[in-house]
Amino acid sequence: MPVMRAELPATLYTAEQSRALDQTAIEQYGLPGFKLMQRAGHATFATLLHHWPTLQSLTILCGSGNNGGDGFVVAGLAHQRGLDVQLLCVGDDDFERKLRGEALDAWRWSLALGVEAQAYTPEIELRGEVLVDAMLGTGLAGPVRGAAERAIRHCNRSPQPVLAVDIPSGLCSDTGAVLGLAVRAALTITFIGLKQGLFTHQAVDYTGQIEFDGLLVPEAVYEDVPVSAFRTQAEDLAQALGPRRRSSHKGDSGHVMIIGGDLGFGGAGILAAQAALRSGAGLVSLATRPEYAAAALARQPELMVHGVNSGQDLEPLLERADILVIGPGLGRNAWGDQLLLQALQSDKPMVVDADGLNLLAEKNWLHSARRANWILTPHPGEAARLLADDVAAVNQDRFASVERLQANCGGVAVLKGAGSLSCDGDALHLCAAGNPGMAVGGMGDVLAGIIGGLWAQGLKPVDAARLGVYVHARAGDLQAAECGERGLLPGDLLPRIQALVSGRQE
């Protein structure tokens, strides 16, 4: 059976929802469980041959659950093809007696074909050119222990590349957290439903390239199971930002005001303002320290720059703006306090970032300021302060954290990081783009400006947030592909941003 190499689906599922998809296909649409397991094995083996076409030997590590059953099928197919197959059973001495259902059927099928199996021990040499991880699957709930722990360590010490079946063993498929330790795969092939944890938190260091096969289940199966989250993709951006009317004028594309740039942080406000311009806003103002007005105009003469010393100076400027972006370089002293209070009192739609978020947390203003017309864009540290929690807890379940943040704050919450998440209380959106070269000061300021610029052009807040995150991440990927990740600067993204919002996906 040829592996299906279509684009990854936009829909993401929890482990429970993935099991529901399997059960729906089996119980309501008459697909036998062993048939699905065979299809998963065929898809995995086809993927192996696609990526390693000269493959002659294979080591397959199988657990006693259905993930192991997929591995048994791979072992049988590889043996039929004439490959040297090393099938290792990872578990206790009574491994065979633990096999049930389709996994037991797959075990018997592979043995009938002549596959020889042996119990895994740490002393065994993993002799295959490629290792196949079919040990634990999506059912893991607690830390990895026992034989599986030893086998995972063995795989990670070995020089051969690893293909993970469905999910690298040791990863939580719901959160992307490593449960003690996990297999570092070069390639992961997953089935029927994309697991949400594959795309965020620690998982991005363990999955390698991700491929998907729907195993030919009927489309109606997906109508019966709710979706956990949606991946933002290029077509979402194209649908939201169609061609402009030929008669458009600058007022049609909105007026964004960036508020920030305290002493020592003047570049943050300038970067945010440039990003708002490049994302398509018709007018962009910058309210910053008077000391930075000349520098801002020299850097970007298209800006309207206002030097402000207090909230009183800011007040008359706010009326002209459609969207406020407050926080980049705002600082955490009296100047920033006054500007944030003035902005909050205006009741204007706003994007709150960086020190705007920190001031909300430090001053205990969040509860009184809770509103529907804002977008908050914290990184995990800022989110932890807003939630009165710690960073580890925020990252341990990023999906739950962004939902809690939105419930507490209202509006739209964006939780930045690997696999950035956006939530408006109705739906979760994940961005799988981006790269570690973007971990540099000023990148968040650019993101805040993009979101403000898109919002000013008439997008719904949740769309401005999720598409802003996508444009930012994709621009970073395009720049890194050309120039490399190390030394990537926020300003490097500006021409890429313009190309993306203009329909050039490059």
Side-chain angles (χ1 to χ4, degrees), residues 41 44-45 47-48 51-52 54-100 103-104 106-172 178-189 202 205-208:
T44 302
F45 188 56
T47 298
L48 278 164
H51 287 272
W52 294 280
T54 62
L55 188 67
Q56 295 297 314
S57 62
L58 197 60
T59 293
I60 307 168
L61 298 101
C62 293
S64 57
N66 281 353
N67 194 239
D70 296 340
F72 299 147
V73 175
V74 175
L77 294 171
H79 180 76
Q80 285 182 316
R81 184 73 173 243
L83 273 63
D84 176 15
V85 177
Q86 182 185 34
L87 176 59
L88 301 178
C89 302
V90 181
D92 301 326
D93 293 336
D94 59 347
F95 179 87
E96 187 172 353
R97 281 181 286 174
K98 287 188 173 181
L99 295 172
R100 297 286 186 275
L104 180 58
W107 166 262
R108 291 170 174 166
W109 178 82
S110 66
L111 295 186
L113 290 174
V115 175
E116 295 182 1
Q118 63 184 124
Y120 167 79
T121 66
E123 295 75 30
I124 287 177
E125 178 188 358
L126 307 182
R127 65 173 188 261
E129 298 166 62
V130 176
L131 311 181
V132 175
D133 164 28
M135 288 183 277
L136 297 177
T138 62
L140 187 64
V144 177
R145 302 188 188 282
E149 179 183 7
R150 294 187 289 273
I152 291 172
R153 291 191 189 281
H154 199 162
C155 286
N156 289 345
R157 288 196 307 267
S158 300
Q160 302 99 313
V162 179
L163 182 151
V165 179
D166 215 19
I167 188 170
S169 291
L171 275 183
C172 176
V178 172
L179 299 175
L181 80 166
V183 167
R184 290 187 181 271
L187 178 67
T188 298
I189 179 167
Q202 294 167 297
D205 291 322
Y206 289 83
T207 60

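Just the heavy atoms: all of them, side chains too, but no hydrogens, waters or symmetry mates, feed the values below. Here the structure is a predicted model, which means the values were calculated and not measured. Start at 1 with the first residue, then count along the sequence.
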- Taking atom CZ of R108 as the centre, report whether more than 12 heavy atoms of other residues, nucleotides or ligands fall under 6.0 Å from it. no

- Between OG of S57 and CG of L83, what distance do you get to the nearest 0.5 Å? 7.5 Å

- Query: What's the spacing between L171 CG and D166 CG if we round to 0.5 Å?
  - Reply: 11.5 Å

- What heavy-atom pair brings G76 and W109 nearest, and what distance separates the two atoms? CA-CZ3, 3.8 Å

- Task: Could you tell me which non-hydrogen atom of H154 sits nearest to which non-hydrogen atom of S158, and how far apart they are?
- Result: O-OG, 2.8 Å

- Task: Starting from the C-alpha separation in whole Å, work towards a yes-or-no answer on side-chain contact (heavy atoms from CB on, under 4.5 Å) for L136 and V90.
- Result: CA-CA 10 Å; L136 297 177; V90 181; over 6 Å; no

- Task: Measure from the side-chain N and O atoms of D133 to the backbone N and O of M135, and report whether any donor-acceptor pair falls under 3.5 Å.
- Result: yes

- Nearest heavy-atom pair of L126 and Q160: which atoms, and what distance? O-NE2, 2.6 Å

- N/O donor-acceptor pair under 3.5 Å between E129 side chain and W52 backbone: no

- Between the side chain of N67 and the main-chain N/O of V165, is any donor-acceptor distance below 3.5 Å? yes

- Closest non-hydrogen atom pair, R150 against P122: CD-CG, 3.8 Å

- Task: Identify the two heavy atoms, one from A103 and one from G65, that lie closest to each other, and give their separation to 0.1 Å.
- Result: CB-O, 3.5 Å

- With side chains defined as the heavy atoms from C-beta onward, is the minimum distance between I124 and Q118 less than 4.5 Å? yes

- Message: Checking the side chain of R184 only, and the main-chain atoms of D205 only, is there a donor and an acceptor separated by less than 3.5 Å?
- Response: yes

- Query: Roughly how far apart are E96 CD and L111 CG, rounded to 0.5 Å?
  - Reply: 7.0 Å

- Validation row: L48, L163 side chains within 4.5 angstrom (heavy atoms): yes

- Message: Working to the nearest 0.5 angstrom, can you tell me the gap between L77 CG and S110 OG?
- Response: 10.0 Å

- Message: For the backbone of A182 and the side chain of N156, can you confirm whether one donor and one acceptor N or O come within less than 3.5 Å of each other?
- Response: yes

- Query: Just by distance, do the side chain of T207 and the backbone of T188 share a donor-acceptor pair under 3.5 Å?
  - Reply: no

- Item | side-chain contact (heavy atoms from CB on, under 4.5 Å) evaluation trace for E149 with L181 | CA-CA 7 Å; E149 179 183 7; L181 80 166; 3.6 Å; yes

- Task: First locate atom CD of E116, then atom CG of L87, and finally report the distance between them rounded to the nearest 0.5 Å.
- Result: 10.0 Å

- Query: Of all heavy-atom pairs between I167 and C172, which one has the smallest distance, and what is that distance?
  - Reply: CD1-C, 4.2 Å

- Check against side-chain contact (heavy atoms from CB on, under 4.5 Å), C89 and W107: CA-CA 11 Å; C89 302; W107 166 262; 3.5 Å; yes

- Query: At what distance, to the nearest 0.5 angstrom, does CZ of R127 lie from CG of L58?
  - Reply: 10.5 Å

